[in-house]
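Note that the coordinates shown come from a computational prediction; the quantities given were computed from them, not determined experimentally.
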Amino acid sequence: QEHYGRLKGLTVTWIGDGNNVLHSIMTSAAKLGMHLRIATPRGFEPDLKVTEIAEQHSKEHGTKLLLTTDPLEAADGANVLVTDTWISMGQEEEKKERLKAFQGYQITMQTAKSAASNWTFLHCLPRKPEEVDDEVFYSPQSLVFQEAENRKWTI
């Protein structure tokens, strides 16, 4: 909202784990008029109940929802590229398996080539280099530090 001046009509792309942060986005995006495109590896999809809720909200609010395993398909035309940790608290024992499953899901400038010309990047931190490379993370399109500053006010 702060960056684009609106939310309605924006396309948000999530590339990564079907975790709690994604679930929050899924239950709110359509209500705010945003299209949502999600890419997760097989076996790491968002919760089915949350997906059903997101599908219903999308129908009610006239937005588009896409779930895929292809990060470039999900990034196609996106205004906002978003990711989060692939290894959440309590999943440390699964690190090796998860890093293998998420190969090809790192957000890079190659990913961004599929996005809209006005794309931006968000990550709720802390960030690991396997999730997003330095070129994107420190780019002018990265709104990560503004996002972190805004979180301070919601806490």
[atom2] on [Y] to [atom1] on [X], rounded to 0.5 Å:
X: E92; Y: R98; atom1: CD; atom2: CZ; result: 10.0 Å
X: N79; Y: S117; atom1: CG; atom2: OG; result: 8.5 Å
X: Q91; Y: M89; atom1: CD; atom2: CE; result: 10.0 Å
X: Q110; Y: L72; atom1: CD; atom2: CG; result: 7.0 Å
X: S28; Y: M34; atom1: OG; atom2: CE; result: 5.5 Å
X: Q146; Y: L122; atom1: CD; atom2: CG; result: 9.0 Å

So, for [X] and [Y], which heavy atoms are closest and what is the spacing to 0.1 Å?
X: T11; Y: G77; result: CB-O, 4.1 Å
X: V21; Y: C124; result: CG2-SG, 4.2 Å
X: P71; Y: G104; result: CG-O, 3.5 Å
X: N19; Y: W14; result: OD1-CZ2, 3.5 Å
X: M109; Y: S139; result: CE-CB, 3.8 Å
X: A75; Y: L81; result: CB-CD2, 4.0 Å

**OP:** Check the pair D17 / T85 against side chain to side chain contact (heavy atoms under 4.5 Å, CB included), numbers first and verdict last.
**Re:** CA-CA 7 Å; D17 192 17; T85 186; over 6 Å; no
Subject >> NZ/K8: more than 12 non-hydrogen atoms of other groups inside 6.0 Å >> reply: no
**OP:** Answer yes or no: are there more than 12 heavy-atom neighbours, outside R6 itself, under 6.0 Å from its atom CZ?
**Re:** yes
Subject >> H61 side chain vs K31 backbone, donor-acceptor pair below 3.5 Å >> reply: no
Original post:
Backbone N or O of H23 within a donor-acceptor pair of the T27 side chain at under 3.5 Å?
Top reply: yes
State, with a plain yes or no, whether a side-chain heavy atom of [X] is found less than 4.5 Å away from one of [Y].
X: T51; Y: M26; result: yes
X: T111; Y: W119; result: no
X: T63; Y: L36; result: no
X: I38; Y: L65; result: yes
X: D134; Y: R127; result: yes
X: E130; Y: L99; result: yes
X: N150; Y: E2; result: yes

**OP:** Start with the C-alpha distance between Q106 and T108, add both sets of side-chain angles, then the distance that settles side-chain hydrogen bond (donor to acceptor under 3.5 Å, both in side chains), and finish with yes or no.
**Re:** CA-CA 6 Å; Q106 181 191 48; T108 65; 5.6 Å; no
Original post:
Could you go step by step and tell me if Q1 and L32 meet the side chain to side chain contact (heavy atoms under 4.5 Å, CB included) rule?
Top reply: CA-CA 10 Å; Q1 172 94 19; L32 298 169; over 6 Å; no
Is [Y] reachable from [X] through a run of hydrophobic residues whose side-chain heavy atoms are each under 4.5 Å from the next?
X: L125; Y: I15; value: yes
X: W86; Y: V132; value: yes
X: L66; Y: L48; value: no
X: V82; Y: L22; value: yes
X: V80; Y: V144; value: no

**OP:** Could you check E60, K59, E52 and say which one makes a side chain to side chain donor-acceptor pair (under 3.5 Å) with Q56?
**Re:** E60
Original post:
What pairs with A74 under side-chain contact (heavy atoms from CB on, under 4.5 Å), at least two apart in sequence or on another chain?
Top reply: T13, R37, A39, T68
Original post:
Quick one: side-chain contact (heavy atoms from CB on, under 4.5 Å) partners of P41, sequence neighbours excluded?
Top reply: F44, F102, Y105
**OP:** Evaluate the criterion side chain to side chain contact (heavy atoms under 4.5 Å, CB included) for residue pair H123 and D84; output intermediate values, then yes/no.
**Re:** CA-CA 6 Å; H123 191 301; D84 185 26; 4.1 Å; yes
**OP:** Please find out if less than 6.0 Å separates the ring center of Y138 from that of F121.
**Re:** no
**OP:** Apply side chain to side chain contact (heavy atoms under 4.5 Å, CB included) to L67 and E45, showing your working.
**Re:** CA-CA 9 Å; L67 284 88; E45 298 89 352; 5.6 Å; no
